[in-house]
Engineer: 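Okay, handing you the structure first.
Model, not experiment: these values are computed from the prediction.
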Amino acid sequence: MDITEKIWWIAIEGKSEGPFSYLELERDERLTPKTPVWKEGFENWKKINEVDELKDIFRKDAPEEIE
């Protein structure tokens, strides 16, 4: 997975925003494990904690920013 590729859309307060990269999602303080996300190929919106590629966003030891 390319963590800088902008492929993710989120729904915040009923409005879709994006696209965002994994790194941008990781830094977005508005997100919760239940925030709806979508990317091309998804049939429907899913909660972040239901998407294998995004589950690590809420781990305490998630990777830091890569410089």
Side-chain angles (χ1 to χ4, degrees):
M1 170 175 74
D2 178 354
I3 60 175
T4 62
E5 185 178 12
K6 294 181 181 250
I7 60 171
W8 299 102
W9 292 81
I10 59 173
I12 300 288
E13 297 180 9
K15 292 172 48 178
S16 65
E17 298 181 22
F20 296 100
S21 70
Y22 177 93
L23 283 178
E24 290 170 323
L25 294 180
E26 189 176 54
R27 295 181 194 137
D28 195 324
E29 295 180 4
R30 302 172 298 167
L31 303 184
T32 72
K34 295 186 178 190
T35 300
V37 295
W38 181 88
K39 74 172 184 172
E40 189 173 325
F42 281 12
E43 199 168 309
N44 297 302
W45 290 79
K46 298 180 181 185
K47 295 174 185 167
I48 287 178
N49 65 353
E50 297 173 341
V51 179
D52 287 339
E53 296 165 276
L54 300 178
K55 285 183 179 177
D56 287 346
I57 286 177
F58 296 101
R59 282 192 1 210
K60 286 186 178 186
D61 58 343
E64 295 291 327
E65 177 180 341
I66 298 172
E67 296 183 24

Engineer: Flag the pair Glu24 and Lys6 as a salt bridge only when some basic side-chain nitrogen lies within less than 4.0 angstrom of an acidic carboxylate oxygen.
Structural biologist: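 Yes, charged N to carboxylate O under 4.0 Å.
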
Engineer: Over all heavy atoms of both residues, which pair between Trp38 and Asn44 is shortest? Give the atoms and the distance, please.
Structural biologist: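 Trp38 and Asn44 have their closest heavy atoms at CD1-O, 3.8 Å.
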
Engineer: With rounding to the nearest 0.5 angstrom, report the CG to CG distance, Asn49 to Leu31.
Structural biologist: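 These two atoms lie 12.0 Å from each other.
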
Engineer: Can you spot which of Ile7, Val37, Leu25 makes a side chain to side chain contact (heavy atoms under 4.5 Å, CB included) with Phe20?
Structural biologist: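 Of Ile7, Val37, Leu25, side chain to side chain contact (heavy atoms under 4.5 Å, CB included) with Phe20 is met by Leu25 alone.
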
Engineer: Between Ala11 and Thr35, which heavy-atom pair has the shortest distance, and what is it?
Structural biologist: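 Closest approach of Ala11 to Thr35: O-CG2, 3.8 Å.
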
Engineer: How long is the straight-line distance from CD of Glu17 back to CD1 of Ile12, given to the nearest 0.5 Å?
Structural biologist: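 With rounding to 0.5 Å, CD1 (Ile12) is 6.0 Å from CD (Glu17).
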
Engineer: In terms of the angle between their ring planes, are Trp8 and Phe42 parallel, tilted or perpendicular, with boundaries placed at 30° and 60°?
Structural biologist: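 Perpendicular: the ring planes of Trp8 and Phe42 meet at over 60°.
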
Engineer: I need the minimum non-hydrogen distance between Trp45 and Ser16, along with the two atoms involved.
Structural biologist: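 Result for this residue pair: CH2-CB, 3.9 Å.
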
Engineer: What are the two closest heavy atoms between Ile48 and Thr32, and how far apart are they?
Structural biologist: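 For Ile48 versus Thr32, the nearest heavy atoms are CD1-O, 3.8 Å.
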
Engineer: Can you tell me how far apart CG (Leu23) and CG (Asp28) are? Round to the nearest 0.5 Å.
Structural biologist: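 That separation rounds to 12.5 Å.
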
Engineer: Quick one: CD1 on Ile3 to CD on Glu26, what's the gap to the nearest 0.5 Å?
Structural biologist: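 So the gap between those two atoms works out to 7.0 Å.
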
Engineer: Provide the closest heavy-atom pair for Asp56 versus Tyr22 in the form atom of the first, atom of the second, distance.
Structural biologist: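 So the two residues come closest at CB-OH, 3.6 Å.
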
Engineer: Please, which pairs that meet salt bridge (Lys or Arg N to Asp or Glu O under 4.0 Å) have at least one residue in residues 31-51, sequence neighbours excluded?
Structural biologist: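 Output for this query lists Lys39-Glu53.
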
